[in-house]
Q: 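Dumping the structure here so I can ask a few things about it.
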Amino acid sequence: MKRPVREILADAISRDPSIIGAKLGAVVYDLHTPVEAEPSALEPVRTSTPEGLAVLRHSTAHVMADAVQRLFPGTKVTIGPATAHGFYYDFDKPSGPFTDEDLAHIEQKMLEIVEQKRPFRRTVVSRAEAHAHFQKLGESYKRELIDAIPEGEEISLYHHGEGADEWTDLCMGPHVPHTGYLRAVKLVSVAGAYWRGDERNPMLQRIYGTAFATPADLREHLRLLEEAKKRDHRKLGRELELFMFDEHAPAMPFFLPRGAFVYNRLVGYMRSLYERYGYEEVVTPQIFDKKLFETSGHLPNYRENMFLPVTAELLDKAKMDLRLGLHGATDPHSYREADKVRDEAVIGHLDDLERTAQKPMNCPCHCLIFRSRRRSYRELPWRVADFGRLHRYERGGVVHGLARVRSFCQDDAHIFCAPAEMQTEIQSFIDLLYEVYAAVGFAKVDVKLATRPDTRIGTDAQWDDAERALAAAVESRGLGYEVSPGEGAFYGPKLEFHIEDALKRSWQLGTIQVDYALPDRFGLEFTGPDGAAHRPVMLHRAILGSLERFMAVYIEHTGGAFPVWCAPEQATVVTVSEKQDEYAHEVVRALKARGLRATADTSSDKLGAKIRSARLLRVPYILVVGDKEVEARMVAPRSRDLDKNLDPLPLAAFVERLLGEAEPPRLAGRT
RNA sequence: GCUGGCGUAGCUCAAUCGGUAGAGCACCUGCCUUGUAAGCAGGGGGUUAGGGGUUCAAGUCCCCUUGCCAGCUCCA
């Protein structure tokens, strides 16, 4: 017999009012929905969990749409889902975009609805009833949504409020019991968005908002948003003189000396690990005959993202031939004749004009190296690393600081191995990856296994092997993972590694991807123990991903306060007066002699001003030297990370201390 | 690429209705000789993103180009 969830879980709910629904299997039901289940089969869903939050936010989206339609009659609703950090709702508002004042009014109206604790109700209707209901309201977008619901599936409406106050939306649910649960709500921003995400469709007005279980959670979230604004890597990049951009090379970063230092330190760190994990590094060209990318499949599949450079020689020749072609027209008075000759000349030269291409990826280079001579099974797995510069043409609207650029480099490597070696190689890669993430301070890592998409190449047996090897490797390291069905590349499945930064934002950095296709396209072979030719499998892998993007994440993660091991300046000596200048330089020399990075501020500023500038640059240690320190040959350090002054100590002792912090951390238990 | 917005000194920002381009910081010079988050004074710095138009007069209004920002879409 079916009973409302509220009745079945009555005991639990009376003890814990944050229960807003219950899970039966994988489906979340709201409290008023009747289900047939024993209390033990129902798992309570609380607002404190991600699932519960999603319900809460989706309910908030309904209340916002209700408020909007009360304040702006004639505005049509479309869709309003929960997102990772809140929710949005898209409206068709004839009078144009919402303003900030509008948002304040809407928020006010939402609060009224929340205070009235209007209950959410669910009703199931027929397709015809649903159409009739929304047609009456003039909600033309809902028609499309109703039509998109598959035959045989329940069509449900959600209502909150009663009588004249009732507001109804087409919705699968579930929802919180009543609007009173929505007490920590904030509208964040407005944006344009296309109906169904398609730029050929009308532009809608989207309002982003967020909602939390408690006001304290909301405050914390808003604090993180503020903090994220302060830490924006584009702002810090300028302030800390890490990198710059210039209109002459849009979306291609220039790393300034301080930024380049950090960049190279990261590369150096990866190199040091490669040595330990059995990688070899190669250096490969930038520009290739386009035939390479026809072989690799990039030109057919990736052409719109590629830079196709042309040499001046080719260009001049084409221009010259064009001119000759035009002059050679038999009848200069006939446009048609001249046009024909010109068009033929143009077409004839187009191939030449794109005879070369900048590489967008390194993998084809490594395939060329692999097949440049015979390979034995004895030299597999062959792990080949490349910090080559890559160029991809990204569309104008998508570039963003260092996070999305057109010129970048990856901590890229490819592993060529026998299919049987895959799993071991993936395991070793996972070890390497976790060591790196620990060193740069990312403690929380989520693993996703992206499996075969509908359109794919390769045999099912290959896909089975590849997916199994990836899953087994993760499991062998005692890690959990989530499956993203159908999200793999068309040529193979992959693992994605997502980290959470200091502001609780998630970024995908690392990946390892199985590829049978490229070895096929390049006809790669190795000689097995049986003397016969075998085809290797190729693993594409990166840990930091693109160095540029990683810098963006890392700058925001650290707030520009790089750890001692990779900070461009580890210590700066500030003098109390110019009487200590000589000693300050001596301190710098002593630090540099041990491979440490130090500068002295001997400007005519007062001590307070010098300390302020050094702090703004996030220098890990500020060494104050006055007469007392000169006399005793000591330094008085101020620690950035402890945010306090340390006891003065002899120069030599400080050097030792700094040396102890100057190497990247290593995973315990490794050599 | 699409929608909307923005572009004024190295940075952050002013400039009324279309009417003399300005401030703070930074930089340079000098003074000050300093004890834990901004010492004082003076100076240099601008084809107002670029180009075109309207006007007696354009940073301001219109058009084009370019770059950037927010979002959408994209990220085999």
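Each chain gets a letter, A, B and so on, in the order its sequence line appears, and its residues count up from 1.
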Q: Looking at every strand, decide which applies to A:A636 at a 4.0 Å heavy-atom threshold: base, sugar-phosphate, or nothing.
A: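 Base contact.
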Q: At 4.0 Å (heavy atoms only), tell me whether A:A489 reaches a base, stays on the sugar-phosphate, or touches nothing.
A: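 Touches nothing.
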Q: Classify A:E629 by what it touches in the nucleic acid, base, sugar-phosphate, or nothing, heavy-atom distance under 4.0 Å.
A: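 Base contact.
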Q: Under 4.0 Å between a side-chain N or O of A:R238 and OP1 or OP2 of B:G10?
A: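 Checking A:R238 against B:G10: no side-chain N or O falls below 4.0 Å of OP1 or OP2.
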Q: Which is true for A:D246 with a 4.0 Å heavy-atom rule: it touches a base, it touches only sugar-phosphate, or it touches nothing?
A: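 A:D246: no heavy atom of the nucleic acid under 4.0 Å.
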Q: Respond yes when some side-chain nitrogen or oxygen of A:R638 is under 4.0 Å from OP1 or OP2 of B:A37, and no when none is.
A: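 Affirmative; the distance criterion is met.
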Q: For A:K628, report the nucleic acid contact type (base, sugar-phosphate, nothing); a contact means any heavy atom under 4.0 Å.
A: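 Base, at least one base atom sits under 4.0 Å.
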Q: Examine B:C69: is either OP1 or OP2 under 4.0 Å from a nitrogen or oxygen in the side chain of A:R234? Give yes or no.
A: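 It does, given that an N or O in the side chain of A:R234 lies less than 4.0 Å from OP1 or OP2 of B:C69.
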Q: Hey, which of A:D454, A:D460, A:T459 is the one that makes side-chain hydrogen bond (donor to acceptor under 3.5 Å, both in side chains) with A:R456?
A: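 Output: one option passes, namely A:D460.
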Q: Over all strands shown, is A:A517 touching base, sugar-phosphate only, or nothing at heavy-atom distances under 4.0 angstrom?
A: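 Answer is nothing: A:A517 stays at 4.0 Å or more from every strand.
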Q: Look at all strands and tell whether A:S604 reaches a base, only sugar-phosphate, or nothing, counting heavy atoms closer than 4.0 Å.
A: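 Base: the residue A:S604, judged by heavy atoms under 4.0 Å, touches a nucleobase.
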Q: Which part of the nucleic acid, if any, lies within contact of A:M361, taking any heavy atom under 4.0 Å across all strands shown: a base, the sugar-phosphate backbone alone, or nothing?
A: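 If one applies the 4.0 Å heavy-atom cut-off, A:M361 turns out to touch a base.
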Q: Whom does B:U73 pair with, Watson-Crick or G-U wobble, provided both distances fall under 3.5 Å?
A: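 Checking every strand shown, B:U73 finds no partner, since no pair has both distances under 3.5 Å.
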Q: Check whether any side-chain nitrogen or oxygen of A:H400 sits under 4.0 Å from OP1 or OP2 of B:A70, and answer yes or no.
A: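 Yes, because at least one side-chain N or O of A:H400 sits under 4.0 Å from OP1 or OP2 of B:A70.
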Q: So, does A:Y393 get its side chain near the phosphate of B:C74, meaning an N or O under 4.0 Å from OP1 or OP2?
A: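 No.
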Q: Under the side-chain hydrogen bond (donor to acceptor under 3.5 Å, both in side chains) test against A:S407, which residue among A:R392, A:E548, A:H391 passes?
A: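 Result: among A:R392, A:E548, A:H391, A:H391 is the only option passing the side-chain hydrogen bond (donor to acceptor under 3.5 Å, both in side chains) with A:S407.
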